[in-house]
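These notes are about the structure you will find just below.
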Amino acid sequence: DNSLVRVNFGTDITNASPTTVSTGAITNAFLPIGIDLIKKGNNWIAHLVSYGNNKLIQLNFGTDILSSPILEATYALSGLNPPSNNRILLAGDTYYSAIGHDSGGVQAIDFQDMNPSSTPVNLNLAGLPVAIGFDVIRTNGKEIFYSVAASGSTLTQVVFEATCGASINY
C-alpha cells in the first residue's frame, strides 16, 4: 500500500471512536512505515521512509495537520536497505534525520534548511547502532539517541553535542 491513514481522536485521546481518513496514494511511496513530523515556520513537514523502495519522502501538510499533504521531494539515499524508522531533529537552523534500516547502523542525514531543492548529505557517522526502534530527545543543547538493538537485549544511548559525541551501552 502507498497511503497513510490519519487517526483523529478529536480533543480527547481516550476517545473510543476516533475517525480515520486516508491520505490517498502518496507518489513514490511503497510500504511507508516510518514517519516523523516537525513544524517548520507555520507548516507541518513530514519525513516518511518507504520500506519497499528504499526512499525517504518529504511531505508538506501546510498549516493544518489535517489537510492533504503535498509531495515536496523524494530522496533515494544510498545505504538504506530497507529503511524502517526515522526522526527529524532541528539543531540551530539545520534539520537532520536519523534513519534506521535493516542492514546497518542508523544513518544521520543533514537536510540543511529542509528546502526540497537542497541536497541532503549523509554524515557517515561510524559506530551508530543497528536499531529496530529508537527515539531522539533534545535536552540542554544535546540530542540523546536511545535505541533497542535488532538482536540481543542492549539499550544504547548515543549523545550528540556541539563539540563531541559519546556512546554508552547499558
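Hydrogens, waters and symmetry mates are skipped; everything else that's a heavy atom, side chains included, is used.
- In the hydrophobic cluster analysis, where Ile, Leu, Val, Met, Phe, Trp and Tyr join through side-chain heavy atoms closer than 4.5 angstrom, Tyr75 is grouped apart from Ile35.
- In plain terms, the two heavy atoms of Val106 and Gly100 that are nearest each other are CG2-CA, 4.2 Å.
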Per-pair distances, 0.1 Å, donor-acceptor, side chain in residues 112-129, under 3.5 Å, sequence neighbours excluded:
{"unit_1": "Gln112", "atom_1": "NE2", "unit_2": "Thr119", "atom_2": "O", "d": "2.6"}
{"unit_1": "Asp113", "atom_1": "OD1", "unit_2": "Asn115", "atom_2": "N", "d": "3.0"}
{"unit_1": "Asp113", "atom_1": "OD1", "unit_2": "Ser118", "atom_2": "OG", "d": "2.9"}
{"unit_1": "Asn115", "atom_1": "OD1", "unit_2": "Ser117", "atom_2": "N", "d": "2.9"}
{"unit_1": "Asn115", "atom_1": "OD1", "unit_2": "Ser117", "atom_2": "OG", "d": "2.9"}
{"unit_1": "Asn122", "atom_1": "OD1", "unit_2": "Asn124", "atom_2": "N", "d": "2.9"}
{"unit_1": "Asn122", "atom_1": "ND2", "unit_2": "Gln107", "atom_2": "OE1", "d": "3.1"}

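- Once rounded to the nearest 0.5 Å, the distance linking CG of Asn85 with CD1 of Ile33 reads 8.0 Å.
- Residues Ile88 and Tyr95 come closest through the heavy atom pair CG2-CD2, 4.3 Å.
- Ile65 and Leu4 end up in the same hydrophobic cluster when Ile, Leu, Val, Met, Phe, Trp and Tyr side chains are linked at under 4.5 Å.
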Quick one: do Asp110 and Thr94 satisfy side chain to side chain contact (heavy atoms under 4.5 Å, CB included)? Show the steps, please. CA-CA 7 Å; Asp110 180 349; Thr94 304; 3.2 Å; yes

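- Both Ile26 and Leu37 are assigned to one and the same hydrophobic cluster, defined by single-linkage of ILVMFWY side chains at heavy-atom distances under 4.5 Å.
- The nearest pair of heavy atoms linking Leu59 to Leu71 is CD2-CA, 3.9 Å.
- With Val5 as the fixed residue, the side-chain contact (heavy atoms from CB on, under 4.5 Å) test singles out one of Val21, Thr23, Thr20: Thr20.
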May I have the list of side-chain donor-acceptor pairs in residues 44-56 shorter than 3.5 Å, sequence neighbours left out?
{"unit_1": "His47", "atom_1": "ND1", "unit_2": "Ser97", "atom_2": "OG", "d": "2.7"}
{"unit_1": "His47", "atom_1": "NE2", "unit_2": "Gln58", "atom_2": "OE1", "d": "3.0"}
{"unit_1": "Ser50", "atom_1": "OG", "unit_2": "Phe30", "atom_2": "N", "d": "2.7"}
{"unit_1": "Ser50", "atom_1": "OG", "unit_2": "Phe30", "atom_2": "O", "d": "2.9"}
{"unit_1": "Ser50", "atom_1": "OG", "unit_2": "Asn53", "atom_2": "OD1", "d": "2.7"}
{"unit_1": "Tyr51", "atom_1": "OH", "unit_2": "Asp102", "atom_2": "OD2", "d": "2.9"}
{"unit_1": "Asn53", "atom_1": "ND2", "unit_2": "Asn28", "atom_2": "O", "d": "2.8"}
{"unit_1": "Asn54", "atom_1": "ND2", "unit_2": "Asn81", "atom_2": "OD1", "d": "3.3"}

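- Considering all non-hydrogen atoms of both residues, Leu90 and Asp93 come closest at CD1-C, 4.1 Å.
- In this structure Leu66 satisfies the side chain to side chain contact (heavy atoms under 4.5 Å, CB included) test together with Arg6, Asn8, Asp64, sequence neighbours excluded.
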